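Every chain is numbered from 1, with letters handed out A, B, ... down the list of sequences. Just so it is clear, the structure is predicted and the values come from calculations on it, not from any experiment.
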Amino acid sequence: MLRPAGEARYLPRVAHQPDNLWIAAALVAWFGQSARELPWRSAVGAPAGCRRDPYRALVSELMLQQTQVGRVVDKFRAFIEAFPDAATLAAAPEERVLACWSGLGYYRRAKLLHAAAKEIVRSHGGVVPSSVGSLQGLPGVGRYTAGAVASMACGQAVALVDGNVARVLFRIRGRDATQGDAADMAWAWEDAEELVAGAAAAGVDVPALNEALMELGATVCTPAAPTCDRCPVRERCTGFAQSRQSSIPRPKPAGVRSVITCDAVAVLDDRGRILLEQRPATGMWASMWQLPTIEEAGRGRRDREKVAAWIGLGDADQLRRLERFTHTTTHRDVRFTLWMYRSAAVPAGGGSPGRVWKSRDELGDLGISNAQRRMIARAFESALSTGGATLPVRPRR
DNA sequence: AAGGCGGGGAT
DNA sequence: ATCCCAGCCTT
């Protein structure tokens, strides 16, 4: 019997999931009615042959890695305004890129995106490549991100799997998966590729299907308490049929959260400037600016003499404690103590080479984590409310 | 294969 | 409090 080349290869796989075409069609139809309006879904700037600007798609996908949509929207708009294309981004100093990434977290992504822009200029003539292979060769672009740009921006019929897609597929198939498990993610990729192959063969809009899977995971098929009464594929969902939707995937065993104790010192001069230092280029808050800060594992506290000595400020009596708070991230608790150093005499170099005075107006041009921004704001507020009687201070010559 | 990397929304 | 998010890179 004659059949087209290649058909025999995937036909058994399609037959393995006979609901796939129905599911794909239902998802695409639902997405047409339910899609949120998001800035990176605009067709603005899309070159011929693309539904969206691949550069904007790349920026949005990097920002969206492990980060929820609601926290990205405004940052994305500002970033695109500052760096409207790959060439502009490639030519920008890293300082400005990190400033635009402030508050988003996972700051390595900003450096990787910056490097990707340079690579796009050097090797791709300033045009974001459209093949999965070329995309995945860019810094910061893995299998998911490459699939997302190739599919949703460039219209290609390739699969993509992120946390949302994986969860949706686990539930539809009734797979007893564990959150973040590598074998389960591999299964999800195979399942998504099978779904996409069948959809493409039937003429279904694959980019819309991919985006529908993600949108469903983000808005309906949510991790806890999915709203199945709003789900377009409920009637073909094994998890729902078995009332297991809320226990798929199983949560990963909780990891141990380490504790770090930090003492940060705000030093202001009589011109309203504040003393800052830049963190190392790797590790937590890489290359971000901060108040002079001591960082130590564990929950031990330093007294004011020790803080003054470690920070390199001479007069411990001028150190006043402003606040304590705990900054919690996924992997650790960072216990901050914020100090104000009020003295007419600040050691040369702020007590340590590499520290610089920055005015309040300049802070927007610097990469600064949210925890540090909070403390800096508190310090300025305190200085203003206290008045000039004991402040400001002047750097010692 | 496992660990590191932010910050906040949802529950 | 705990979980997880449009993941990726390094070891």
Which salt bridge (Lys or Arg N to Asp or Glu O under 4.0 Å) pairs, counting each pair once, include a residue from residues 161-181 of chain A, with sequence neighbours left out? R173(A)-D191(A), R175(A)-D184(A)
Between dA10(B) and dA6(C) - P atom distance, rounded Å: 12 Å
If a pair satisfies ring pair (Phe, Tyr, Trp, His ring centres under 6.0 Å) and one of its residues is in residues 187-209 of chain A, list it, with sequence neighbours excluded. F170(A)-W187(A)
Tell me, for nucleotides 4-11 of chain C in 5' to 3' order, what letter each nucleotide earns: B for a base near a protein heavy atom under 4.0 Å, S for only sugar-phosphate near one, - for neither? BBBBBB--
Hey, does R321(A) have a side-chain heavy atom less than 4.5 Å from the side chain of T337(A)? yes
Check whether any side-chain nitrogen or oxygen of H327(A) sits under 4.0 Å from OP1 or OP2 of dG7(B), and answer yes or no. yes
Could you give the CD1-to-P distance, from I260(A) to dG6(B), as a whole number of Å? 11 Å
Toward the 5' end of DNA chain B, which comes first, A225(A) or S369(A), by nearest nucleotide? S369(A)
Looking across every strand, which nucleic acid part, if any, lies under 4.0 Å from G255(A) by heavy atom: base, sugar-phosphate, or nothing? nothing
Provide, to the nearest angstrom, the distance between the CE atom belonging to M185(A) and the P atom belonging to dA2(B). 16 Å
Go through the side-chain N and O atoms of S123(A) and E119(A) and say whether any donor and acceptor fall under 3.5 Å apart. yes
E295(A) has an atom CD; how far is it from atom P of dG4(B), in whole Å? 14 Å
Please classify the nucleic acid contact of A254(A) as base, sugar-phosphate, or nothing, using heavy-atom distances under 4.0 Å. sugar-phosphate
Answer whether the closest heavy-atom distance between the side chains of W30(A) and L216(A) falls below 4.5 Å. yes
How far, in whole Å, is dT11(C) from dG6(B) if one measures between their P atoms? 16 Å
So, the side chain of T261(A) versus the backbone of R335(A): is there a donor-acceptor pair under 3.5 Å, distance only? no
So what does L104(A) hit on the nucleic acid, given a heavy-atom distance under 4.0 Å: a base, only sugar-phosphate, or nothing? base
